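Heads up: the structure comes next, in structure tokens.
Keep in mind it's a predicted model, so treat the numbers as computed, not measured. By convention in this document, chain letters (A, B, ...) are assigned in the order of the sequence lines, proteins followed by strands, and residues within each chain are numbered from 1.
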There are 2 protein chains.
Amino acid sequence: MIRLLLADDQALVRGALAALLDLESDLEVVAQVGRGDEVLDAARSSGADVALLDVEMPGLDGIAAAAALHRELPACRALVVTTFGRPGYLRRALDAGASGFVVKDTPAEQLADAVRRVHAGLRAVDPDLAIASLAVGASPLTERERHVLALAAGGGTVAQVAAEAFLSEGTVRNYLSAAIGKTGARTRAEAVRIAQENGWL
Amino acid sequence: MIRLLLADDQALVRGALAALLDLESDLEVVAQVGRGDEVLDAARSSGADVALLDVEMPGLDGIAAAAALHRELPACRALVVTTFGRPGYLRRALDAGASGFVVKDTPAEQLADAVRRVHAGLRAVDPDLAIASLAVGASPLTERERHVLALAAGGGTVAQVAAEAFLSEGTVRNYLSAAIGKTGARTRAEAVRIAQENGWL
DNA sequence: GGCAAGCCATGACAGATGTCATGGCCACGT
DNA sequence: ACGTGGCCATGACATCTGTCATGGCTTGCC
């Protein structure tokens with residue numbers, strides 16, 4: 001019997017996944033949480049074998065939660081389940097020590113298989129996404145560029161971003177310009193969109 | 001026995017919801033689709049009593065699908081189930097003839113109740129969201145302003161938007177300026193973000 | 001008809017944005 | 001030690017954006 005932990009901020013989806021997985025005779029949902037920062041404690045106290053983690057969660061995102069699990073509780077494997085098949089997410093999830101990565105587009109029948117593969121010590125990765133990840137590659141942005149672009153993503157002006165990042169306005173403009181060039185965008189807003197789609201923020 | 005149609009583009013969520021609802025003795029999932037433009041046909045051929053519609057779907061969004069159902073097949077009630085609790089969505093869904101509106105944050109137990117209420121001819125609406133919808137009110141944007149802002153949301157330059165909308169650049173700037181003013185934003189990007197959060201696009 | 005209100009459309013102008021050239025600093029290979 | 005390449009930081013300049021004033025058009029209301 002494989003013991004499962006579910007982490008997803010949408011209660012309806014969490015409950016529905018629990019119902020789906022409980023139908024399998026060899027699977028058992030032993031814990032459910034709605035925040036990333038509750039994953040570690042819940043995994044410890046429930047003795048889960050596999051944790052299904054959504055990427056988008058309050059408190060701590062699913063990738064950071066996977067990293068924490070891998071470090072503190074390596075016996076509990078992490079399987080990241082996400083809405084958005086952004087290539088950068090896959091790479092970051094694997095770097096964080098996740099054993100599997102599944103998009104919510106995949107047929108329901110394959111989820112239980114992915115859980116079993118992960119529990120057996122194998123990897124479970126969406127093949128299409130793996131190819132896309134290779135094609136897109138790692139983020140071309142430097143740390144400062146990423147940071148400034150993330151601040152600008154909120155829609156604030158250069159002056160606001162400069163104040164938040166403790167940089168001069170000219171420097172902020174320069175980083176944004178570099179980010180625009182590297183993403184192949186023509187405006188700041190387009191650069192934000194492209195970076196988000198690729199999971200670079 | 002209430003007959004259900006599920007429409008959600010994420011196969012995993014769709015399957016999981018089906019598993020959850022099939023656990024209820026008085027509910028039966030008779031059809032599942034992954035695109036909005038397949039809803040009407042599926043509802044007709046399956047004779048569903050209630051349709052659970054996600055808002056974000058390819059082909060036709062859930063709100064438009066609800067409108068089509070209401071017009072062509074009034075015997076089948078529409079219950080909109082969405083990830084994003086954007087106030088504008090609720091208003092537009094009700095205008096389109098939907099009988100209920102549920103956010104995916106709500107506890108799983110309440111979904112079956114919402115289905116039963118809708119089937120009984122009652123309305124099922126998230127109370128918090130109803131209040132938020134009243135507070136935000138309808139979109140302050142005119143049709144042209146909304147259209148131009150939606151085009152600009154992609155991150156394109158004014159010249160590109162002007163070409164797509166067959167307007168002069170000055171006019172496009174004027175609409176964007178009006179949209180920025182009405183949303184209380186300070187930049188175009190911020191106006192896009194605010195409009196999206198309120199479901200005005 | 002006369003009039004006000006609202007939407008559509010445009011151009012001129014001030015201010016914000018994106019590009020470029022420049023320079024300091026650090027790590028790396030020779 | 002020296003040069004190379006990469007990242008960080010800044011200011012000057014051309015371009016683009018957002019604001020404003022203006023006018024035509026339709027709609028609804030005395």
Test side-chain contact (heavy atoms from CB on, under 4.5 Å) on A:Asp126 and A:Asp105; report intermediate values, then the result. CA-CA 10 Å; A:Asp126 190 290; A:Asp105 271 341; over 6 Å; no
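- None of A:Val115, A:Leu4, A:Leu53, A:Leu5 except one satisfies the side-chain contact (heavy atoms from CB on, under 4.5 Å) rule with A:Leu79; the exception is A:Val115.
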Are B:Val13 and A:Gln10 close enough, and set up right, to give a side-chain contact (heavy atoms from CB on, under 4.5 Å), and what steps lead you there? CA-CA 11 Å; B:Val13 175; A:Gln10 299 178 340; over 6 Å; no
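- Heavy-atom contacts of chain B under 4.0 Å fall on DNA chain D between two terminal nucleotides, which in 5' to 3' order are D:dT17 to D:dC20.
- Nucleotide C:dC13 holds its C1' atom 16 Å from the CD atom of B:Glu169, rounded to whole Å.
- Checking side-chain atoms of B:Arg123 against main-chain N and O of B:Ala98 turns up a donor-acceptor pair under 3.5 Å.
- No donor-acceptor pair under 3.5 Å is formed between the side chain of A:Gln196 and the backbone N or O of A:Arg193.
- Atoms CG (A:Leu149) and C1' (C:dG18) sit 14 Å apart, rounded to a whole Å.
- Non-hydrogen atoms lying under 4.0 Å from DNA chain D are contributed by nothing in residues 181-201 of chain A.
- Distance alone, capped at 3.5 Å, places no donor-acceptor pair between the A:Arg14 side chain and the A:Leu6 backbone.
- A donor-acceptor pair under 3.5 Å is formed between the side chain of A:Glu145 and the backbone N or O of A:Thr142.
- Between A:Thr157 and B:Thr142, the residue anchored nearer the 5' end of DNA chain C, judged by the nucleotide with its closest heavy atom, is B:Thr142.
- One interatomic measurement links the two molecules: OH of A:Tyr175 to C1' of C:dT17, which rounds to 18 Å at whole-angstrom precision.
- Out of C:dA12, C:dC8, C:dT19, the shortest distance to the side chain of A:Ile180 is found at C:dT19.
- Toward the 5' end of DNA chain C, the nearer of the two residues A:Leu176 and B:Leu167, judged by each one's closest nucleotide, is B:Leu167.
- A:Arg173 comes within contact range of at least one nucleobase, with a heavy-atom separation under 4.0 Å.
- Among residue pairs with one or both ends in residues 52-81 of chain A, those qualifying as salt bridge (Lys or Arg N to Asp or Glu O under 4.0 Å) are A:Asp54-A:Lys104; sequence neighbours excluded.
- In this structure, B:Thr171 reaches the bases: a heavy-atom distance under 4.0 Å links it to at least one base atom across the strands shown.
- Enclosure of atom CZ in B:Arg186 is not indicated, since only 12 or fewer non-hydrogen atoms of other residues, nucleotides or ligands lie within 6.0 angstrom.
- Of the side-chain N and O atoms in A:Ser177, one or more sit less than 4.0 angstrom from OP1 or OP2 of C:dT19.
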